[in-house]
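Each chain gets a letter, A, B and so on, in the order its sequence line appears, and its residues count up from 1.
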Number of protein chains: 2
Amino acid sequence: MGRNRATLADVARRAGLSKTAASMVLNGREGTRLSAEAHQRVFAAAEELGYRPNLAARSLRTRKTATIAFVSDIVATTRFAGGLIRGALDAARERDHVLLITETQGDATFEQYAIEAMLDRQVDGVIYAAMATRRLTVPPAILGGPVVLLNATSADGLPCVLPDDDRAGRSVAAALLEHGHRDAIALIGRNRLKEDDPEVSLAARARLGGIQQALDEAGVSLLAECFCTEWLPEHGYAAMRGLLSRPSRPSAVICMNDRLAFGAYQALGEAGLSVPDDISVISFDDDPIAAWLRPSLATTALPHEQMGRRAVELLLDGGPAEPSLVAMPLRRRRSLAPPAG
Amino acid sequence: MGRNRATLADVARRAGLSKTAASMVLNGREGTRLSAEAHQRVFAAAEELGYRPNLAARSLRTRKTATIAFVSDIVATTRFAGGLIRGALDAARERDHVLLITETQGDATFEQYAIEAMLDRQVDGVIYAAMATRRLTVPPAILGGPVVLLNATSADGLPCVLPDDDRAGRSVAAALLEHGHRDAIALIGRNRLKEDDPEVSLAARARLGGIQQALDEAGVSLLAECFCTEWLPEHGYAAMRGLLSRPSRPSAVICMNDRLAFGAYQALGEAGLSVPDDISVISFDDDPIAAWLRPSLATTALPHEQMGRRAVELLLDGGPAEPSLVAMPLRRRRSLAPPAG
DNA sequence: ATGCTCTGCTAAATCAGTTTAGCGGCCACT
DNA sequence: AGTGGCCGCTAAACTGATTTAGCAGAGCAT
């Protein structure tokens, strides 16, 4: 890989100058007294030789590698990770940096390995990402340098990037209110564990809080709340069946994520009910599936790309110490309509 | 990041030996005549100081970085990428390597940038991955070192890893035949562009070929074939509606991927038909959605993890020159049943 | 003539490893 | 006695960059 590359010494020789001069010129150092002609010669030589600096050599001296570690529990390989990585990749490229990606799979041994591998390679900083928005404990080994938490917080008060789930909750509720739903709104996806343990989830509590606040302000209370052990389609399906077996049918349902909503759609389809004519549905995440459903599912998008981007910006450019909340845009789609009758 | 790390010189000093000796011992060099006691002292010193070699320094001399570039067109950030990256990550870790990930987004400028960034960092090899299984042209710049194509082939005869779509096609057809379907099998997802242009897709042609071969051998021919401009749910939906409007209804449908099948399910649901009682459905990819559908969708899994793993193995350990085909396991699920009547 | 500053540039040290060449001591053999 | 080889180890070169310290020459003032 990359044999026969021209070195700085080659450039200097061709320009008839010293390595020092060549280095100064190519790095655009101010305050040097090298002549305009020397600059010309160095640039020309570098150009002709197709010179590119050896970053290993440079970083040996400067202790900068222009490399960022992206360490995640498991996020890197799930569908949710794509946007995070893409955003981070874009922002990194704009700053001439590159991403070294590892995954711990929640395994302490792997985590240890991943972190050592990163430190051995002298990364300039670490982005520590979690699949589920949650609070976590950062391994002390990485605290020696800049760290940004992505989709996570910690007790250490480290800079972090989170989706604004609270506001998303409010906008989801507001969207239903706008359509005239008031007294027959049900909620699918309550979950004590997710709501109460920040190490499991921060999203559940924030979404719920946002929803309730918006409803309270409108003087509305929920018709029903379904608890789900997980937020998977089968649980949404079961919850919706439960709702439909009750005497009073909801006019609208909020699902805590799109997978629950998918399951809810399945139950509605089987029951011969129509979305949105019989029941409106709205949800969270904007999983690709939301746009594929018939009718397409209104939801609030997890702004993964933005979040990834923000994490890199925070890491390299610095920023305010408080948690960086990224807005979750509401995707208005066909699953919303005014209540029947 | 990583300040105050002990250096080899520190270890040597503490062991009362030279850097040379320390280096030899820690690298387990054979044929050195250092005493057992010297070994002990070096190991002890390294242990006590928590010594970890500076890889930048090492690679400056050895021109090995224990780093692999993972360059993809766009794969790294899609749901399909997860497995590829995870498999690669696992195999890399087992070999004490790490992955530098970049994405070209199909943009020549980005690709140029990505490749230079990799070469500047002296990666030991490049995995060049494509989102869609296809033939592509490898940028000459990376041909200076080891390259493995992942989910792609090229005209250069480079080592490559591909899913075995042909065999998957045969096993899909075989599964339907096993269930007794013969004269009423329809196919959704024919697409001339994908089938004829290897730079667009290799999968379409291979899957189709496998299906037809298996059917031919059984003396069966397709009841109908639906062409789709894309392989998205809406196209599967439209195709299935088309099929249902024909005089003779198929007893089984093969979809060229799970997203088409998802659309087909939607059309069947609306038509009040049941899977698998009225129509069996089988497909390709094993998208997560396949298991979430009701009834769960039989499909052949794209072995992403295996493929990613294989790519790293090929790159670091070498292997046969011919394309490395990875089996696509059949997932038997509830969408299959014998034809009605 | 001497000292001083400024200009334009370079030698050499440095980063932290690996690798080559070889040193001094001891033994055995001729 | 001379010398060749082995043993156990080390000095120094080397990788390719950055950075510090400083040199030679010109111009100017004293």
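Across all strands shown, B/Ser23 has heavy atoms under 4.0 Å from base atoms, whether or not it also approaches the sugar-phosphate. Base contact: A/Thr20 has a heavy atom under 4.0 Å from a base atom. B/Ser35 comes within contact range of the sugar-phosphate backbone alone, with a heavy-atom separation under 4.0 Å but no base atom that close. At a threshold of 4.0 angstrom between heavy atoms, the contacts of B/Ala56 with the nucleic acid are absent. Contacts of B/Leu55 with the nucleic acid, taken as non-hydrogen atoms under 4.0 Å apart, are absent.
The NZ atom of A/Lys19 sits 10 Å away from the P atom of C/dA11 (whole-angstrom rounding). Distance CG (A/Leu17) to P (C/dG8): 13 Å, rounded to an integer number of Å. Atom CG in B/Leu8 sits roughly 9 Å away from atom C1' in C/dT18 (whole-Å rounding). A straight line from CG of B/Asn54 to C1' of C/dT14 spans 13 Å, rounded to a whole angstrom. In this entry the distance linking CE of A/Met24 with C1' of C/dT7 reads 14 Å, nearest Å. Atom C1' of nucleotide C/dA16 and atom CG of B/Leu26 are separated by 13 Å, given to the nearest angstrom. Protein atom CG of B/Leu49 is 12 Å distant from nucleotide atom P of C/dG17, rounded to whole Å. What separates CZ of A/Arg121 from C1' of C/dA16 is a distance of 16 Å, to the nearest Å.
Taking the nucleotide of DNA chain D with the nearest heavy atom to each of B/Ala21 and B/Arg61, the more 5' of the two is matched to B/Ala21.
For the side-chain contact (heavy atoms from CB on, under 4.5 Å) criterion with A/Phe43, the lone passing option out of A/His39, A/Glu47, A/Gln40 is A/His39. Just one residue in the list A/Val123, A/Val126, A/Ile127 forms a side-chain contact (heavy atoms from CB on, under 4.5 Å) with A/Ile68, and that residue is A/Ile127.
The side chain of B/Arg33 approaches C/dG22 more closely than any other nucleotide in the set C/dT18, C/dG22, C/dA13.
Donor-acceptor pairing under 3.5 Å, judged by distance alone, is absent between the side chain of B/Arg58 and the base of C/dG17.
Salt-bridge check for B/Arg41 with B/Glu37: passed, with a basic side-chain N closer than 4.0 Å to an acidic carboxylate O. Salt bridge status for A/Arg93 with B/Glu103: absent, with no side-chain N to carboxylate O gap under 4.0 Å.
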Begin with the C-alpha distance, continue with both residues' side-chain angles, and end with the deciding distance and a verdict on side chain to side chain contact (heavy atoms under 4.5 Å, CB included) for B/Glu313 and B/Glu94. CA-CA 10 Å; B/Glu313 291 168 358; B/Glu94 288 167 13; 5.6 Å; no
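Distances shown here put a side-chain N or O of A/Arg63 below 4.0 Å from the OP1 or OP2 atom of C/dA16. Between A/Ser18 and C/dT10 there is a side-chain N or O to OP1 or OP2 distance below 4.0 Å.
Residue B/Pro163 comes nearest to B/Met307 through the heavy atom pair CD-CE, 3.5 Å, listed as atom of the first residue, atom of the second, then distance.
Within the 4.5 Å cutoff, no side-chain heavy atoms of B/Leu100 are placed close to those of B/Thr65.
The span of DNA chain D lying next to chain B, judged by atoms under 4.0 Å from heavy atoms, is bounded 5' to 3' by D/dC7 to D/dG16.
Using modelled atom types, one finds no donor on one side chain facing an acceptor on the other under 3.5 Å when comparing A/Asp73 with A/Thr104.
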